[in-house]
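Computed from a predicted structure; not experimentally measured.
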Amino acid sequence: MKKNILALSLLLTVGSLVACTSNSNTEAVNELEETKVENEVQTTTNKFDEAIIDNNWELSTKFNHSVEYKSGEKGSYEIVGNTDGMGITGPFPIMAKDSQKYMWFYFGTENIYDRPVKIKAIKKGEEDILDVYSGTFYEDAEVSSGSVNMPSKLNFPSKGRWKVFVYIDEELFDTIIIKAE
């Protein structure tokens, strides 16, 4: 009988230790995953914070982008942005509180077709980040060789300088600085 009680006690003790160790391992894995997610969020936040903290509020350059349409006709767009990244065209000057159609152009070499695009903006001197637009560049939107566009409606709620952030697949891709009048 003593042997049975001793064996039962030993079995319960070992069982408890195994259960605690298993639970401890699960907790450790969960903590590791939480830390990984926190680090990813922190990295993204740091990139965004750097872009906001960057004191460069100089307006993005304007340039002409010449195209040859599939029909063979030639055209030109006035673009505000970056010649090797993103730019927008539409009615200039950009008017505050006036929702207008703007076309986003992408001039890079990376394949961005059918990837989610989010446009966010912050006004100089303010802290609130606005969600301005979301959409996708799709393959049939190629205006001409070397440029792809995406239509959008943009509305900046007040006059001033705006830092516009372009995200592709939730990653900060490019920044454009515009003035709303």
Side-chain angles (χ1 to χ4, degrees), residues 38 40-69 73-181:
E38 287 173 4
E40 288 173 0
V41 168
Q42 186 64 41
T43 300
T44 302
T45 302
N46 286 344
K47 285 182 187 177
F48 190 74
D49 288 345
E50 288 172 15
I52 293 172
I53 291 169
D54 176 9
N55 288 324
N56 178 14
W57 284 89
E58 185 177 326
L59 294 175
S60 294
T61 59
K62 282 187 178 180
F63 59 93
N64 285 319
H65 175 61
S66 298
V67 297
E68 184 173 333
Y69 301 105
E73 290 183 57
K74 295 185 184 217
S76 180
Y77 295 93
E78 181 179 40
I79 307 285
V80 173
N82 303 306
T83 58
D84 59 348
M86 295 284 179
I88 59 172
T89 188
F92 295 118
I94 297 170
M95 300 305 290
K97 300 181 184 177
D98 189 12
S99 182
Q100 292 288 327
K101 181 179 180 180
Y102 288 88
M103 299 297 284
W104 288 88
F105 278 80
Y106 170 66
F107 302 105
T109 58
E110 186 178 340
N111 181 350
I112 63 166
Y113 295 129
D114 300 320
R115 292 168 53 191
V117 177
K118 289 185 181 177
I119 311 294
K120 297 178 181 246
I122 188 168
K123 184 177 175 185
K124 184 176 182 179
E126 294 189 5
E127 295 179 6
D128 294 334
I129 299 164
L130 303 178
D131 291 327
V132 179
Y133 183 79
S134 62
T136 59
F137 286 89
Y138 54 95
E139 196 161 358
D140 291 337
E142 184 174 279
V143 174
S144 67
S145 178
S147 68
V148 179
N149 70 38
M150 174 182 68
S152 69
K153 284 272 196 182
L154 299 180
N155 185 354
F156 296 94
S158 60
K159 294 179 179 183
R161 287 194 186 210
W162 290 84
K163 198 174 278 194
V164 179
F165 304 99
V166 181
Y167 289 85
I168 297 180
D169 284 334
E170 303 291 331
E171 288 189 37
L172 183 59
F173 188 82
D174 206 353
T175 303
I176 300 171
I177 300 169
I178 60 99
K179 181 179 180 182
E181 295 183 10

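- Glu127 meets the side-chain contact (heavy atoms from CB on, under 4.5 Å) test with no other residue; sequence neighbours excluded.
- Side-chain contact between Pro157 and Leu130: present, with at least one pair of heavy atoms (C-beta onward) separated by less than 4.5 Å.
- Note: Glu78 CD to Asn64 CG = 6.5 Å, rounded to the nearest 0.5 Å.
- Summarising the geometry of Ile79 relative to Gly87, their closest heavy-atom pair is CG2-CA, 3.6 Å, with the distance given to 0.1 Å.
- In this structure Arg115 satisfies the side chain to side chain donor-acceptor pair (under 3.5 Å) test together with Glu110, Asp169, sequence neighbours excluded.
- Residues Phe137 and Val117 have side chains in contact (heavy-atom distance under 4.5 Å, counting atoms from C-beta outward).
- Side-chain contact between Tyr167 and Ser134 is absent, with no heavy atoms from C-beta onward closer than 4.5 Å.
- In terms of modelled atom types and a separation under 3.5 Å, the side chain of Asn111 and the main chain of Tyr113 share a donor-acceptor contact.
- Take Trp162 and apply the ring pair (Phe, Tyr, Trp, His ring centres under 6.0 Å) test, not counting sequence neighbours, and it matches Phe156.
- For the side-chain contact (heavy atoms from CB on, under 4.5 Å) with Ser60, the qualifying choice from Val80, Asp174, Ile88, Ile178 is Val80, the only one to do so.
- Between Glu73 and Glu68, the closest side-chain pair of non-hydrogen atoms is not below 4.5 Å.
- A ring-centre distance under 6.0 Å is found for Tyr106 and Phe173.
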Could you go through residues 92-101 and list every donor-acceptor pair under 3.5 Å that involves a side-chain atom there, pairing it with any protein atom two or more places apart or in another chain?
| from | atom 1 | to | atom 2 | distance (Å) |
| --- | --- | --- | --- | --- |
| Asp98 | OD1 | Gln100 | NE2 | 3.3 |
| Asp98 | OD2 | Gln100 | NE2 | 3.1 |

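- Ring centroids of Tyr77 and Phe105 are separated by less than 6.0 Å, placing the two rings close together.
- Taking all atoms of both residues into account, the shortest heavy-atom contact from Ile168 to Ile112 is CD1-CG2, 3.8 Å.
- Looking only at side-chain heavy atoms (C-beta outward), Val132 and Lys120 stay at 4.5 Å or farther from each other.
- The side-chain hydrogen bond (donor to acceptor under 3.5 Å, both in side chains) pairs that include a residue from residues 150-159 are Trp104-Ser152, Lys123-Ser158, where partners are two or more places apart or lie in different chains.
- Scored by the ring pair (Phe, Tyr, Trp, His ring centres under 6.0 Å) test, Tyr133 finds no partners at all (sequence neighbours excluded).
- Taking CD1 of Ile122 as the reference point, atom NZ of Lys163 lies at 8.5 Å (rounded to 0.5 Å).
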